[in-house]
Amino acid sequence: MAEDSDAEKTEPASAKRLEQAREEGDVPRSREVATFTVLMAAGAGLWMMGDSVIRQLEAVLVSGLTLDQEQIFNAEVLFRRITRDLVQVLIACLPLGVAVMVVALASPLVVGGWLFSSKSFMPNFNKLNPVSGISNMFSKNALVELVKAILKTVVVGFVAWLVVLKYKDAVIGLSVEPLKLGIAHTANMLAAAFMFIVGALGLIAAIDAPYQMWHYADKLKMTRQELIQESKESDGNPQIKGKIRQLQREMAKRRMMADVPTADVIVTNPTHYAVALKYDDNMRGAPKVVAKGTDEVAARIREIGKENKVALLEAPALARALHKHTEIGDEIPEQLYAAVAEVLAYVFQLRLFNRSGGNRPEEPKKLDVPPTMDPLNPAFIPKHGAQPDLNNGASA
């Protein structure tokens with residue numbers, strides 16, 4: 001049952017799948033919406049601009065049927081006359097043509113949006129396969145198109161029948177009307193009939209648009225296995241990502257170890273924790289943590305410190321607090337200023353002793369470390385959102 005569920009396309013298409021479909025020129029489209037909007041624009045344009053267009057065309061027709069002697073016997077003059085009349089016809093029809101063209105270009109925005117894909121121009125010989133062509137004739141989509149065609153025929157036929165019933169008496173009365181009035185009356189009836197029938201197509205378009213959106217989403221559905229595979233391809237193999245993170249941690253450790261020789265003091269607890277501190281007199285601010293670690297990393301920090309003659313101080317509570325509440329490159333917390341200042345004072349006195357001799361300074365024993373900052377103290381308050389340690393070492 002699990003294999004069957006994995007093979008069924010039950011999952012919505014991912015963003016990557018939708019983007020690939022758009023790149024291939026596959027977007028939802030509704031021909032009914034395009035047909036309805038273009039016909040409605042043409043009908044509305046004729047309704048609003050019809051009188052002006054008819055008057056201009058009538059003037060061109062009268063002019064074209066009126067020829068003087070020069071035009072009859074001079075082909076060049078006749079050609080200029082015909083050219084001028086054709087330009088007048090284009091000017092008369094231009095506003096209507098522009099309106100229809102704008103609506104035709106804007107209609108894809110209703111369903112699918114604008115799209116230009118060069119892949120759509122590439123030849124696809126699979127479309128010439130007669131087997132796939134026959135299968136498409138008996139597909140669910142073909143059945144839907146057949147139902148739409150029948151529905152359009154029924155709806156348009158019914159509306160046309162209602163229009164005929166409405167204007168039946170008016171059509172019979174045209175025979176007794178004057179010519180100009182009859183022509184105008186006929187044009188009005190044709191325009192009204194056209195708009196009624198196009199409005200009926202609007203009902204078909206209103207049904208077809210959401211269906212095409214649903215059909216497109218259903219066609220691009222994915223199986224669970226396809227989603228998993230796409231996630232692996234997009235995000236990378238988890239094992240490879242884990243290896244990359246491990247390498248990043250190792251690089252961070254190496255950079256951290258390279259900064260240990262620049263430290264002024266390494267505070268230890270003495271074996272499980274080690275935190276290297278550096279204070280620059282020329283820089284404003286508190287001392288900074290240049291390295292920290294537990295267990296093996298702590299041992300390596302102490303080893304590098306001894307090799308580079310960095311002072312080591314055993315202060316368990318301070319080491320634990322610094323390790324818990326700071327990250328590499330951070331300044332020490334304000335609550336630990338007093339304890340760290342005492343440590344640095346000892347370190348600077350020790351340097352003076354090593355250079356000039358005299359009385360060796362005593363190591364500070366009781367440092368002022370707030371109990372709430374020591375992880376091993378019952379009064380410790382955990383720090384929320386603390387970042388994981390680089391070495392993921394164990395605590396004491």
Side-chain angles (χ1 to χ4, degrees), residues 252-383 386-387 389-391 393 395-396:
K253 289 179 186 177
R254 287 195 291 268
R255 288 195 300 268
M256 180 183 72
M257 294 301 181
D259 291 335
V260 172
T262 67
D264 293 312
V265 63
I266 298 174
V267 182
T268 68
N269 83 323
T271 57
H272 291 294
Y273 290 93
V275 180
L277 300 176
K278 178 181 177 62
Y279 179 69
D280 190 347
D281 293 333
N282 299 323
M283 298 290 293
R284 292 184 178 181
K288 293 184 178 181
V289 176
V290 295
K292 72 170 188 174
T294 61
D295 297 328
E296 294 180 0
V297 176
R300 181 59 181 159
I301 291 174
R302 292 194 301 271
E303 181 182 346
I304 296 175
K306 290 178 181 179
E307 293 174 356
N308 292 273
K309 299 180 179 181
V310 178
L312 273 71
L313 177 66
E314 184 177 330
L318 179 59
R320 292 191 296 264
L322 287 170
H323 186 276
K324 184 66 176 178
H325 296 280
T326 60
E327 298 299 327
I328 307 301
D330 287 353
E331 293 185 353
I332 63 171
E334 185 177 352
Q335 297 91 326
L336 301 177
Y337 278 5
V340 173
E342 191 173 348
V343 169
L344 291 176
Y346 161 74
V347 170
F348 296 147
Q349 290 173 7
L350 183 62
R351 288 180 184 175
L352 181 61
F353 166 77
N354 291 332
R355 288 197 306 266
S356 306
N359 296 326
R360 183 182 181 87
E362 294 183 4
E363 292 186 3
K365 298 299 182 182
K366 294 184 178 181
L367 297 173
D368 184 15
V369 178
T372 56
M373 300 192 72
D374 183 0
L376 296 186
N377 194 297
F380 169 68
I381 299 177
K383 176 184 176 183
Q387 299 296 322
D389 185 32
L390 289 171
N391 59 305
S395 60

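Counting from 1, the numbers follow the sequence of the chain as shown.
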Trainee: Compare every heavy atom of Ala321 with every heavy atom of Pro375, then report the nearest pair and how far apart it is.
Mentor: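 Looks like CD-N, 4.2 Å.
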
Trainee: What's the spacing between Glu342 CD and Leu344 CG if we round to 0.5 Å?
Mentor: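 Interatomic distance, Glu342 CD to Leu344 CG, rounded to 0.5 Å: 10.5 Å.
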
Trainee: Can you give me the closest heavy-atom contact between Ala339 and Val369, atom names plus distance?
Mentor: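 Nearest pair, atom of Ala339 first, then Val369: CB-CG2, 4.3 Å.
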
Trainee: Sequence neighbours left out, cut at 3.5 Å: what donor-acceptor pairs do the side chains of residues 255-268 make with other protein atoms?
Mentor:
| residue | atom | partner | partner atom | Å |
| --- | --- | --- | --- | --- |
| Thr262 | OG1 | Asp259 | O | 2.6 |
| Asp264 | OD1 | Arg351 | NH2 | 2.7 |
| Asp264 | OD2 | Tyr279 | N | 2.6 |

Trainee: State, to 0.1 Å, how close Tyr346 and Pro361 come at their nearest heavy-atom pair, and which atoms those are.
Mentor: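 The answer is CE1-O, 3.8 Å.
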
Trainee: Do Glu327 and Lys292 have side chains that get closer than 4.5 Å, going by heavy atoms?
Mentor: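 Sidechains of Lys292 and Glu327: in contact.
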
Trainee: Are Leu313 and Val347 side-chain neighbours, meaning at least one heavy-atom pair lies under 4.5 Å?
Mentor: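 Leu313 vs Val347: side chains apart.
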
Trainee: Go through the steps for Leu277 and Val343 under the test side chain to side chain contact (heavy atoms under 4.5 Å, CB included), then give the verdict.
Mentor: CA-CA 10 Å; Leu277 300 176; Val343 169; 5.6 Å; no

Trainee: Ignoring hydrogens, what is the shortest heavy-atom contact between Pro370 and Leu336? Give both atom names and the distance.
Mentor: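 Looks like CD-CD2, 3.8 Å.
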
Trainee: Below 4.5 Å, heavy atoms only, C-beta onward: do Asp295 and His272 meet side chain to side chain?
Mentor: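 Side chain of Asp295 against side chain of His272, heavy atoms only: contact under 4.5 Å found.
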
Trainee: Is Arg360 close to Leu350 at the side-chain level, that is, under 4.5 Å between some pair of heavy atoms?
Mentor: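 Leu350 vs Arg360: side chains touch.
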
Trainee: How long is the gap from CD1 on Ile332 to OG1 on Thr326, to the nearest 0.5 Å?
Mentor: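 So the CD1 of Ile332 and the OG1 of Thr326 are separated by 9.0 Å.
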
Trainee: For residues Leu312 and Gly305, report the shortest heavy-atom separation together with the two atoms involved.
Mentor: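 It is CD1-C, 4.4 Å.
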
Trainee: According to the side chain to side chain donor-acceptor pair (under 3.5 Å) rule, which pairs have a member within residues 299-318, sequence neighbours left out?
Mentor: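 Listed once each, the pairs are Arg300-Glu303.
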
Trainee: Looking at every heavy atom in both Val340 and Pro287, which two are closest together, and how far apart are they?
Mentor: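 Closest approach of Val340 to Pro287, heavy atoms only: CG1-CG, 3.9 Å.
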
Trainee: May I ask you to decide if Pro333's main-chain N or O and His325's side chain share a donor-acceptor pair within less than 3.5 Å?
Mentor: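 Answer holds: no.
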
